[in-house]
Structures are given as structure tokens and as C-alpha cells.
2 protein chains.
Amino acid sequence: MLSQIHSHPVLHECHTCEPRGGCLGLQLLNSPEARQQLCNAKKISCKAEHVFREGEDADCFYVVRSGSIKSYLVTQDGEEQVLGFYLPGDVFGLDTTAAQQRMSSAILLETTSICRFPHAYLTDMAQGSALLSIAAEQMQRDHNLMLMLARKDADGRIASLLDDLACRYWSRGYSASAFLLTMSRQDIGCYLGLAVETVSRTLTRLQECGVLKVNRREVEILDHAGLRKMAGTRVNSVAVEYCQKVVLRPV
Amino acid sequence: MLSQIHSHPVLHECHTCEPRGGCLGLQLLNSPEARQQLCNAKKISCKAEHVFREGEDADCFYVVRSGSIKSYLVTQDGEEQVLGFYLPGDVFGLDTTAAQQRMSSAILLETTSICRFPHAYLTDMAQGSALLSIAAEQMQRDHNLMLMLARKDADGRIASLLDDLACRYWSRGYSASAFLLTMSRQDIGCYLGLAVETVSRTLTRLQECGVLKVNRREVEILDHAGLRKMAGTRVNSVAVEYCQKVVLRPV
DNA sequence: CGATTCGTTGACATGCTTCAAACTTCGTGG
DNA sequence: CCACGAAGTTTGAAGCATGTCAACGAATCG
């Protein structure tokens with residue numbers, strides 16, 4: 001039985017909180033009162049608990065403080081479609097219907113700490129447009145996923161995912177060359193539209209090519225440029241910087 | 001050589017404009033002045049012209065008045081990925097980067113009339129949240145596409161597209177049973193992640209099943225329930241109503 | 001009327017899924 | 001602490017859906 005993540009609040013000061021790379025959410029709050037309120041809104045909880053489920057009423061969005069989150073839908077015939085993974089610093093939970101209901105479910109992939117941003121603190125115009133620009137960021141990620149699903153083969157999809165994770169970890173101050181996959185092969189498959197077996201086989205193949213090393217959930221990227229070439233990723237500003245500093249100048 | 005759609009403004013009064021089903025954009029403008037300004041912002045233009053291209057500066061979004069629009073990206077290796085099709089009443093052009101640049105390109109599929117909504121008219125809080133809810137609608141469509149690309153076979157994808165179009169035409173007061181595909185097989189393929197040949201073959205197959213009749217771009221849906229069953233579409237509010245009134249009670 | 005674009009159909013190649021089985025890791029309870 | 005079962009991962013073999021290549025017919029346009 002899964003309990004709601006809201007059950008055991010853990011209080012922290014905002015200024016001690018630093019998802020490396022900065023808290024996107026904080027940019028949305030310009031009044032000191034709002035920030036103060038926010039300090040009471042940190043929650044931490046364990047693997048496999050839901051932050052929210054599709055259809056629930058939504059009065060807030062979230063920022064990942066540490067850990068990781070999986071966003072997903074359940075199809076008509078009970079299958080899962082993963083929409084994305086959120087890492088520290090990422091905003092999630094913006095996708096609500098006009099009636100303020102959740103359009104997707106969000107579940108913890110590991111022990112995770114998140115921040116709650118009630119919509120009530122955001123009644124200010126500037127914040128509305130900031131929200132919109134975060135929503136736009138989300139859309140861009142979505143577009144990338146569509147592109148991947150529509151045009152790439154298994155190698156390209158896996159390479160894309162790993163390149164994306166590397167890039168995002170790097171932009172937050174973590175290593176781009178070695179990290180842990182917090183999601184299962186199953187999750188990866190549901191995200192990329194591949195069977196688990198294909199995910200496993202593809203990782204093995206990339207390893208044989210010398211592009212990376214995999215052991216269960218541990219990944220080490222040996223050839224960033226090669227990986228990116230296989231991925232055929234469209235560039236964005238973060239990726240460009242990542243590329244210049246990491247891909248082209250091996251660490 | 002493609003000229004910009006902004007070249008030949010055609011002026012109309014807002015009150016004479018009625019994409020059947022209503023103009024979503026109008027809900028965003030509550031001041032009479034804004035509406036007045038808007039009346040000068042209608043444009044009409046011909047097939048294959050661009051409304052905007054990826055990377056251009058964005059100071060407005062659009063509503064389709066009549067005709068249809070294709071939104072797309074170009075991949076690294078020059079291939080096209082169609083993101084969606086917009087029909088009369090639809091809002092498009094909301095997906096801009098934080099730096100207010102277009103994240104995708106939009107091109108006319110036929111002779112089309114659109115309305116321009118400059119961002120300058122929307123500096124008001126209530127409108128910010130209205131925009132966000134339209135963005136959310138867009139996200140929901142995106143989610144459906146991802147789901148389709150990741151989980152459905154060719155039959156399911158084509159059935160989904162047709163069911164979606166039928167539903168959207170119906171909700172705007174047009175026939176849900178017979179309509180024209182304004183996009184080419186190529187466009188459909190780029191949207192659904194299928195080869196042109198597969199699109200063609202699948203349409204033929206659906207015809208042989210007696211679900212529909214196709215002749216070039218003319219489509220007649222003979223068995224709405226069957227089509228929807230093949231599509232395995234996730235329900236949304238419009239679709240539910242469409243389902244009750246059209247699918248379950250054959251026209 | 002020819003040239004071009006678009007749509008359809010066939011034959012073949014291939015990459016992914018499915019089915020099956022073995023192995024590892026982890027949690028639980030004896 | 002070990003035994004056991006469940007869940008996650010890997011690997012192999014076979015089937016199939018879709019992509020690719022090629023040719024042809026139909027519509028459109030100048």
C-alpha cells in the first residue's frame with residue numbers, strides 16, 4: 001500500500017537547498033513571503049511512492065531537490081507509457097488540465113526529496129510567464145522524445161537517453177561520464193517504446209562498440225562524441241555548452 | 001520562393017469570424033481595445049507558405065480561422081518530424097523558447113486564414129493562466145502522440161489519427177464521418193513515424209476491413225466504433241461526448 | 001500535352017518483438 | 001544466517017511488422 005508523499009514533511013531552509021545548478025522553482029517566487037512559505041513545503045520520501053496520480057486535483061507543482069522521479073501515463077489496455085524522468089533541479093507537475101487535474105502520474109524512482117510550490121503563491125503576472133517558459137521547456141523535451149520515437153532505431157534511442165542524462169547531470173554539476181541509472185530497464189523500455197530485451201541487448205551492443213561500460217545500473221560513458229553521434233540529438237543551449245566542454249574535450 | 005504570410009493582410013471584424021465551435025483565442029482577450037486591435041490582425045494566404053520558422057523571433061501566437069496548418073521540426077540529418085496538425089479554432093505558436101524564439105516551424109497545408117495574437121495584448125494575469133491552460137492542452141496532444149509512437153502499430157496509429165481528426169471536426173460542427181485529409185501521405189508518415197508506403201497500405205487495409213472508405217484524400221468513416229477500438233485512444237472530455245453522440249449511435 | 005508530384009502495390013531485407021530459459025540481486029521469513 | 005521466492009537482467013531462437021527498393025498509375029500544373 002502506497003502512502004502519499006505528503007505524509008512526513010521534513011523542514012529545511014531554502015538557502016540550504018541547492019540542487020546543483022540551481023532551483024528553477026525559486027525564480028518563480030519574487031516575494032519574500034512566498035519564499036518563507038515554501039520553506040515549509042519540503043517533503044522527502046521513499047522509492048515507489050507516488051507524488052500524485054493522473055486525475056487528482058492539482059494545486060501545486062514540484063521541484064526535485066534530490067533523487068529522481070518518473071512521469072507516466074497508463075494506456076487504455078493497462079500498459080504504461082513513461083513521459084520523462086526528472087532529476088534534481090527539474091520542475092514537474094505543470095501539466096494539468098483546464099480543470100486543474102493531473103494529466104499524468106509521478107512516482108519516485110528512489111529515495112527522493114522534493115519541494116512543493118502551491119499555485120497560490122504564483123498569482124503574479126511575471127510568474128505566469130515564467131511558468132509558461134518552463135512549460136515551453138517541457139514541450140521541447142517532449143518534442144525530442146517524439147522525434148526519437150518516430151525516427152530513431154533502438155541504438156539511437158538508447159544513445160539519446162544516455163546523452164541526455166549525461167548532459168543534464170553535467171549541467172547540474174555532477175559527472176557526465178559516470179552515473180547511476182535510477183530507472184529500471186522496464187522503465188527505459190516504456191519511455192523509449194522498446195521491449196526490455198531490446199534495451200538490454202542495445203546496452204550490451206554499445207558496450208561492445210566501446211562507447212560505454214554498463215554494469216546493471218552503473219553507466220560509464222567512454223566516448224561522448226561517439227555516443228552523441230549515434231544519438232543524432234538536436235542541439236539546445238545547454239547541450240551546446242556540454243558539447244564544447246565535455247564531448248569535444250574528453251575528460 | 002515562399003513569401004511570408006504577413007504580406008497581404010485581409011481585414012475582418014471579429015464578430016463575423018467564427019471557426020465553428022468558437023475561437024479559443026478570444027477567451028484570452030477581455031479588454032475591448034485588445035479585441036479591436038485584433039481585428040486588424042487577420043491574414044490569409046496560400047498553400048505551402050510558412051507562418052513562421054524555427055528560430056525566428058516570436059511576438060505572437062495564432063488561431064486558425066479556416067484551412068489547416070502543419071507544425072514540424074527538421075532533424076539533424078535533414079528529415080522532417082511533423083508535430084501536429086491544426087484545424088479551425090486551434091491555437092498554435094505557443095511553443096517558444098525562454099528567449100522568445102520559435103521552437104518549431106508552421107506551414108499552410110491549403111489556402112488558410114489565421115488570426116494573429118500579439119503577446120503585447122496579453123500582459124494581464126488572468127490571461128497568463130489561460131495561456132498556460134492552452135499550453136497544457138497542447139501537452140496533452142503531445143502525450144497522445146508519444147503514446148502512439150511508442151506503443152501502437154501502424155493500424156493503431158492511422159486509426160488514432162483518423163479518430164482524432166473525426167473527433168476534432170465533429171467538435172467544430174463539421175461532419176465526423178466524411179472529411180478531406182488536407183495533408184499528404186508523406187506528412188502523415190512524418191507525423192506517425194511510418195514510411196509513406198506503410199501509410200498507404202494501412203489505409204487500404206482499413207478499407208478492406210470495412211472500417212472506412214478512402215479515395216486519395218477523401219475519407220469516409222463507416223464504423224466509428226471499430227475505428228476507435230483499433231485506435232485504442234485514451235479518452236478526454238471532447239472525445240467522450242463525441243463518443244456518446246457519434247461513435248455509439250452511428251450517424 | 002509532357003513533366004512532375006503524389007499515391008499505390010509488390011518483392012525482399014531487416015530490426016524489433018515475442019517466447020523461453022538461465023542467472024543475479026534483493027527482500028522476507030523460517 | 002540461510003533458504004526461498006519474487007523481481008530484474010541477460011541471452012538465444014524464431015516470427016513478423018515495417019522499412020527499403022522499384023515500378024507503375026493517377027492527378028496536377030504549366
Side-chain angles (χ1 to χ4, degrees), chain A residues 1 46-48 70 75 77 79-82 107 109-111 148-162 180-209 212-219 230 232, chain B residues 1 46-48 70 75 77 79-82 107 109-111 148-162 180-209 212-219 230 232:
Chain A
M1 187 74 51
C46 301
K47 184 172 174 173
K70 172 179 84 175
T75 66
D77 33 293
E79 282 181 291
E80 184 175 307
Q81 172 60 37
V82 173
I107 193 170
L109 288 171
E110 57 188 319
T111 299
M148 198 147 80
L149 294 172
R151 312 227 80 84
K152 294 181 189 168
D153 59 10
D155 286 16
R157 296 186 201 185
I158 295 284
S160 268
L161 172 63
L162 294 177
L180 228 59
L181 295 173
T182 59
M183 66 296 285
S184 68
R185 300 285 189 271
Q186 180 78 46
D187 288 337
I188 296 177
C190 286
Y191 178 57
L192 300 177
L194 299 171
V196 226
E197 295 93 329
T198 307
V199 174
S200 185
R201 267 187 264 269
T202 305
L203 284 171
T204 307
R205 195 179 321 132
L206 292 188
Q207 184 167 236
E208 286 163 356
C209 293
L212 46 84
K213 252 179 20 192
V214 199
N215 186 305
R216 310 284 292 174
R217 303 220 170 167
E218 298 158 23
V219 176
M230 302 188 72
Chain B
M1 187 74 48
C46 299
K47 184 173 175 173
K70 172 179 83 175
T75 67
D77 32 292
E79 282 182 291
E80 183 175 308
Q81 172 61 37
V82 173
I107 194 171
L109 288 171
E110 58 188 317
T111 299
M148 198 146 81
L149 293 173
R151 313 228 78 85
K152 294 181 191 170
D153 60 10
D155 288 16
R157 295 186 201 185
I158 295 285
S160 269
L161 173 63
L162 295 177
L180 227 58
L181 295 174
T182 59
M183 66 295 286
S184 68
R185 299 286 191 268
Q186 180 77 46
D187 288 336
I188 296 177
C190 286
Y191 178 58
L192 300 177
L194 298 171
V196 232
E197 295 93 330
T198 307
V199 172
S200 187
R201 268 187 263 271
T202 305
L203 284 171
T204 307
R205 195 179 323 130
L206 292 187
Q207 184 168 235
E208 283 163 358
C209 293
L212 47 83
K213 251 180 20 191
V214 199
N215 186 306
R216 311 282 291 172
R217 302 217 171 170
E218 298 157 24
V219 175
M230 302 187 73

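Chain identifiers are assigned alphabetically (A, B, ...) following the order of the sequence lines, protein sequences preceding nucleic acid strands; residue numbering begins at 1 within each chain. The figures that follow rest on heavy atoms only: side chains count, while hydrogens, waters and symmetry mates do not.
D/dT10 atom P lies 13 Å from atom CZ of A/R205, rounded to whole Å. Distance CD (B/Q186) to P (D/dG19): 12 Å, rounded to an integer number of Å. Note: CZ (B/R217) to P (C/dT5) measures 14 Å, nearest angstrom. For the pair B/E79 CD and D/dT20 C1', the computed distance is 13 Å after rounding to whole Å. Here C/dT14 presents its P atom at 14 Å from CG of A/D153, a figure rounded to the nearest Å. When the C1' atom of D/dT9 is taken as reference, atom CD of A/Q207 falls 13 Å away, rounded to whole Å. Distance B/L203 CG to C/dC6 P: 17 Å, rounded to the nearest Å. One atom, CD of A/E110, and another, P of C/dC26, lie 15 Å apart when rounded to the nearest Å.
Here the side chain of A/R185 pairs no donor or acceptor atom with the backbone of A/S200 at under 3.5 angstrom. At least one donor-acceptor pair under 3.5 Å links the side chain of B/R151 to the backbone N or O of A/E80. Judged by distance alone, the side chain of B/R157 and the main-chain N or O of B/L149 form a donor-acceptor pair under 3.5 Å. Using a distance-only test at 3.5 Å, with no hydrogens or angles considered, no donor-acceptor pair links the side chain of B/Q81 to the main chain of A/A150.
Nucleic acid contact class of A/G189 (heavy atoms, under 4.0 Å, all strands): none. Residue contacts for B/S200: at a heavy-atom cut-off of 4.0 Å it reaches a base atom on one of the strands shown.
For B/L194, taking side-chain heavy atoms from C-beta onward, the closest of the listed nucleotides D/dT18, D/dT9, C/dG10 is D/dT18.
Salt-bridge annotation for B/R217 and B/E110: absent, with no side-chain N of the basic residue lying under 4.0 Å from a carboxylate O of the acidic one.
If B/R216 and A/M183 are placed on DNA chain D by their nearest nucleotide, the residue sitting closer to the 5' end is A/M183.
Residue side chain A/R201 reaches the base of D/dG12 through a donor-acceptor N/O pair under 3.5 Å, judged by distance alone.
Close to C/dT17, at under 4.0 Å from its OP1 or OP2, lies a side-chain N or O of A/T198. The side chain of B/T204 contributes an N or O atom lying less than 4.0 Å from OP1 or OP2 of C/dT9.
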